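In what follows, a structure is listed as structure tokens, so that the remarks can point back to it.
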Amino acid sequence: MTTSQSSARAWQRMLSGRRLDLLDPSPLDVEIADIAHGLARVARWNGQTHGDHAFSVAQHSLMVEEIFCRTNPSASPVDLMMALLHDAPEYVIGDMISPFKAVVGGGYKVVEKRLEAAVHLRFGLPPHPSRELKTRIKKADTVAAFFEATELAGFSIAEAKKFFGLPRGITSDMLAIEPMAATEAQARFLERFHALDALCPTGKMP
């Protein structure tokens with residue numbers, strides 16, 4: 001390893017004052033205020049959406065949790081929290097569109113998984129969702145992507161159906177899909193987080 005490589009900064013300073021190491025993230029450096037602030041300012045679809053505001057990852061996360069809740073009526077508060085936080089690492093690494101993720105490969109996934117574990121452990125959750133839960137959250141995520149694609153990102157129904165499938169039992173009028181201002185998305189994300197957090201088992205870090 002060269003001197004420049006060994007001295008390269010691998011942490012990000014958050015507005016809370018925390019310094020989060022991207023390569024070895026500690027749950028103690030994770031704050032929900034930082035997550036909400038960051039996700040509310042990260043744009044889905046690289047910002048290529050209609051509306052006066054970007055459609056943020058915070059708003060997307062709320063929509064995915066809403067879809068997951070509607071399609072999994074027996075889900076536990078922990079399941080719902082994991083759905084809400086399914087894209088939480090993006091408050092640090094941004095929302096990389098799927099085609100580019102495929103180009104980048106495994107390195108991105110390694111960092112993402114470490115950040116996911118740090119976030120989950122900070123809030124008393126298992127480091128990662130089970131395979132079965134991850135599949136159910138992904139289904140809700142795909143339904144959200146269909147409506148985002150057709151309502152905001154200029155996809156035709158036929159094109160979106162090809163990539164995401166046709167949703168069943170969920171219609172766009174059930175969802176808050178009109179892009180919100182960052183401050184509103186941030187506030188709503190925090191509100192939903194705290195509502196679920198109050199229902200989750202104890203064991204959270206102080």
Side-chain angles (χ1 to χ4, degrees), residues 35 38-75 79-116 119-120 128-182 184-186 188-189 192:
I35 294 173
L39 294 185
R41 289 159 177 80
V42 174
R44 292 274 291 170
W45 306 91
N46 273 348
Q48 298 298 308
T49 50
H50 296 292
D52 293 335
H53 303 286
F55 189 80
S56 70
V57 175
Q59 188 173 352
H60 163 78
S61 298
L62 288 164
M63 192 159 77
V64 170
E65 193 264 332
E66 171 69 18
I67 294 166
F68 181 84
C69 187
R70 286 177 178 272
T71 54
N72 297 272
S74 61
D79 293 343
L80 296 174
M81 182 69 92
M82 284 195 168
L84 182 68
L85 296 174
H86 77 283
D87 277 339
E90 294 181 7
Y91 89 105
V92 178
I93 56 179
D95 181 32
M96 191 180 296
I97 60 173
S98 296
F100 195 55
K101 284 182 183 179
V103 173
V104 172
Y108 175 89
K109 283 293 182 184
V110 170
V111 174
E112 186 179 49
K113 292 280 280 185
R114 288 175 181 170
L115 286 166
E116 178 181 76
V119 169
H120 284 187
H128 305 289
S130 67
R131 181 173 296 183
E132 184 270 339
L133 177 58
K134 188 176 181 67
T135 297
R136 286 191 286 141
I137 294 173
K138 183 61 180 176
K139 286 181 180 178
D141 191 30
T142 302
V143 171
F146 175 90
F147 289 116
E148 291 170 22
T150 54
E151 299 284 331
L152 302 174
F155 283 58
S156 67
I157 296 290
E159 189 178 17
K161 181 180 177 182
K162 176 182 175 183
F163 289 112
F164 309 112
L166 192 64
R168 295 181 180 180
I170 300 290
T171 55
S172 60
D173 61 293
M174 297 177 178
L175 308 169
I177 198 167
E178 183 69 24
M180 302 173 188
E184 182 180 359
Q186 179 178 346
R188 291 197 188 188
F189 183 92
R192 185 56 178 161

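From a predicted model like this one, the values you see are computed outputs, not experimental measurements.
- When all heavy atoms are compared, the tightest approach of L133 to D79 is CD2-OD1, 3.6 Å.
- Every residue meeting the side chain to side chain donor-acceptor pair (under 3.5 Å) condition with E148, not counting sequence neighbours, appears here in chain and number order: R44, W45, H60.
- Scanning for side chain to side chain donor-acceptor pair (under 3.5 Å) contacts around E151 gives an empty result, with sequence neighbours left out.
- The closest side-chain donor-acceptor pair between Q59 and R188, if any, does not fall under 3.5 angstrom.
- For the residue pair S61 and L84, the shortest heavy atom distance occurs at CB-O, 3.4 Å.
- Note that the CZ atom of F55 and the CE atom of M180 stand 7.5 Å from one another [nearest 0.5 Å].
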Any chance you could lay out the side chain to side chain contact (heavy atoms under 4.5 Å, CB included) test for F147 and L152, step after step, and finish with the verdict?
CA-CA 8 Å; F147 289 116; L152 302 174; over 6 Å; no
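- The two residues H53 and P179 make their nearest non-hydrogen contact at O-CB, 3.3 Å.
- The shortest non-hydrogen separation linking S56 to A185 is OG-CB, 3.7 Å.
- Considering all non-hydrogen atoms of both residues, A88 and I35 come closest at CB-CG2, 4.3 Å.
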List the atom pairs, donor and acceptor, that lie under 3.5 Å between side-chain atoms in residues 159-177 and the rest of the protein, sequence neighbours left out.
unit_1, atom_1, unit_2, atom_2, d
T171, OG1, D173, OD1, 2.5

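- The stretch residues 129-138 participates, sequence neighbours left out, in these side chain to side chain donor-acceptor pair (under 3.5 Å) pairs: N72-R136, E132-R136.
- L80 has its side chain within reach of F68: a pair of non-hydrogen atoms, C-beta onward, lies under 4.5 Å apart.
- The side chain to side chain donor-acceptor pair (under 3.5 Å) test applied to H128 returns E116, not counting sequence neighbours.
- Minimum heavy-atom separation, V64 to A140: O-CB, 3.7 Å.
- Considering only heavy atoms from C-beta on, H120 comes within 4.5 Å of P129 through its side chain.
- Annotation: salt bridge (Lys or Arg N to Asp or Glu O under 4.0 Å) contacts of R70 (sequence neighbours excluded): E66.
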